Amino acid sequence: TTSTLMSFALAMVLYPDVQRRAQVEIDSVVGGDRLPTFEDRASLPYVESVLRETLRWHPILPYGVPHATLSDDIYDGYFIPKGAFHGTEKWYPKASSFIPERFMDVDGVLTDDDPADICPGRYTADASVWSAIVTMLATMEFSSAKDDQGNVIQFTPQFTTGLSHSPMVFPCSISARSPTHSELVDVFRPGV
């Protein structure tokens, strides 16, 4: 979950228009005086597509273990030689770009395409990750970090290597969208 939320934060810094669009959707459905709830989820299709794109964009674990054929085979008229490798990852156009709209049709309705469908822990993680993402979008502003002169600090995202894939620490600024939004989150902080 932490790696997924780090990928989400990175995406919001790199794609501020996505963040703004999701926040407009949240504000139009929820308003500014409460946090989104699971009852709001069906009314927030763009936020749902941001979640799906977060899971697709830089998955923490490989989508599936590659397989190799044990012998020559013919499938659907195609010859597959012994030892040929194949995986389960679906290919998306402009795969390195963060484009939540790829999970919506032309009318803004969510499609059935969901990259989490192949994740064995999807049901356990889905609710907590959605809740964290929608709460952060509703209450926080992610932006590029700036130096002492007010210039944006340029960086190239770096990721861990090995069995898991996670963004490494990157410069950014995270602030409350407004004093009202800050108060909504203060409810969760003990002693405040």
Side-chain angles (χ1 to χ4, degrees), residues 1-32 34-38 40-60 63 89-117 119 122 125-146 151-159 165-178 180-182 184-185:
T1 304
T2 302
S3 294
T4 300
L5 296 178
M6 284 283 292
S7 290
F8 163 75
L10 176 62
M12 296 304 96
V13 170
L14 297 176
Y15 298 90
D17 292 343
V18 169
Q19 176 179 219
R20 281 189 287 278
R21 181 173 172 186
Q23 289 170 332
V24 166
E25 181 181 71
I26 290 167
D27 293 346
S28 71
V29 170
V30 175
R34 68 176 180 88
L35 292 173
T37 66
F38 289 109
D40 299 313
R41 190 169 183 173
S43 300
L44 298 168
Y46 191 73
V47 172
E48 187 72 26
S49 69
V50 169
L51 168 64
R52 291 180 185 185
E53 183 67 349
T54 299
L55 296 172
R56 184 214 61 85
W57 187 48
H58 283 288
I60 297 151
Y63 278 126
E89 183 174 347
K90 180 173 181 175
W91 295 99
Y92 292 92
K94 298 183 180 178
S96 63
S97 296
F98 192 87
I99 308 171
E101 293 82 1
R102 72 177 82 238
F103 298 105
M104 302 178 89
D105 66 19
V106 295
D107 297 319
V109 176
L110 286 170
T111 65
D112 292 334
D113 191 11
D114 187 349
D117 277 348
C119 172
R122 68 186 172 271
D126 179 72
S128 63
V129 173
W130 183 86
S131 180
I133 285 176
V134 76
T135 300
M136 286 189 283
L137 284 167
T139 60
M140 297 181 196
E141 190 75 38
F142 294 86
S143 58
S144 297
K146 296 183 178 176
N151 300 313
V152 170
I153 298 172
Q154 301 295 327
F155 70 98
T156 300
Q158 302 288 316
F159 296 86
H165 180 80
S166 180
M168 297 175 87
V169 174
F170 55 92
C172 69
S173 174
I174 303 172
S175 58
R177 290 179 64 198
S178 73
T180 302
H181 290 102
S182 181
L184 290 172
V185 177

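By convention here, the first residue in the shown sequence is residue 1. Remember, it's a predicted structure, so these values are computed and weren't measured experimentally.
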Kindly say whether V24 contributes a backbone atom to a donor-acceptor pair with the side chain of D27 at under 3.5 angstrom?
no
Roughly how far apart are T180 OG1 and R34 CZ, rounded to 0.5 Å?
15.0 Å
Between H165 and F159, how do the two ring planes meet: parallel, tilted or perpendicular, split at 30° and 60°?
parallel
Mind checking whether R56 and R102 have side chains closer than 4.5 Å, heavy atoms only?
yes
How many angstroms lie between CE in M12 and CD1 in I174, if you round to the nearest 0.5 Å?
12.0 Å
Nearest-0.5 Å distance that lies between atom OG in S143 and atom CD in Q19
7.5 Å
Using modelled atom types and a 3.5 Å cut-off, is there a donor and acceptor pairing between side-chain atoms of E48 and backbone atoms of L110?
no
Return the CG to NE2 distance between L10 and H58, rounded to the nearest 0.5 Å.
6.5 Å
For the student: nearest non-hydrogen atoms of I26 and P36, plus distance:
CG2-CG, 3.9 Å
For the side chain of E53 and the backbone of F103, is there at least one donor-acceptor N/O pair under 3.5 Å apart?
no
Check whether any side-chain N or O of S28 sits under 3.5 Å from a backbone N or O of E25 as a donor-acceptor pair, and report yes or no.
yes
I want to check something: taking the side chain as every heavy atom from C-beta on, are L51 and F8 in contact at a cut-off of under 4.5 Å?
no
Would the distance check show the side chain of E141 and the main-chain N or O of R177 forming a donor-acceptor pair, the cut-off being under 3.5 Å?
no
Main chain of D107, side chain of D105: is a donor-acceptor contact present, judged purely on distance under 3.5 Å?
yes
Are any of the side-chain heavy atoms of V50 and Y15 separated by less than 4.5 Å?
no
Of all the heavy-atom pairs spanning R52 and T111, show the shortest one and how long it is.
NH1-O, 2.8 Å
Note, V134 side chain near F38 side chain (heavy atom, < 4.5 Å)
no
H181 versus A138, closest heavy-atom pair with distance
CD2-O, 2.8 Å
With side chains defined as the heavy atoms from C-beta onward, is the minimum distance between V30 and L35 less than 4.5 Å?
no
Shortest non-hydrogen pair, S43 vs V29, comes out as O-CG2, 3.4 Å
OG-CG distance between S128 and L5, expressed to the nearest 0.5 angstrom:
8.0 Å
If we only count heavy atoms from C-beta on, is the F170 to Q158 side-chain gap below 4.5 Å?
no
Atom of M104, atom of S49 and distance for their closest heavy-atom approach
SD-OG, 3.7 Å
Describe, in one word, how the ring planes of F98 and W57 are oriented to each other, choosing from parallel (under 30°), tilted (30 to 60°) and perpendicular (over 60°).
perpendicular
What's the shortest heavy-atom distance between Y46 and P100, and which atoms?
OH-CG, 3.7 Å
Okay, side chain of S131, backbone of A127: is any donor-acceptor separation there less than 3.5 Å?
no
Rounded distance [0.5 Å steps], OG in S166 versus CE in M6
6.0 Å
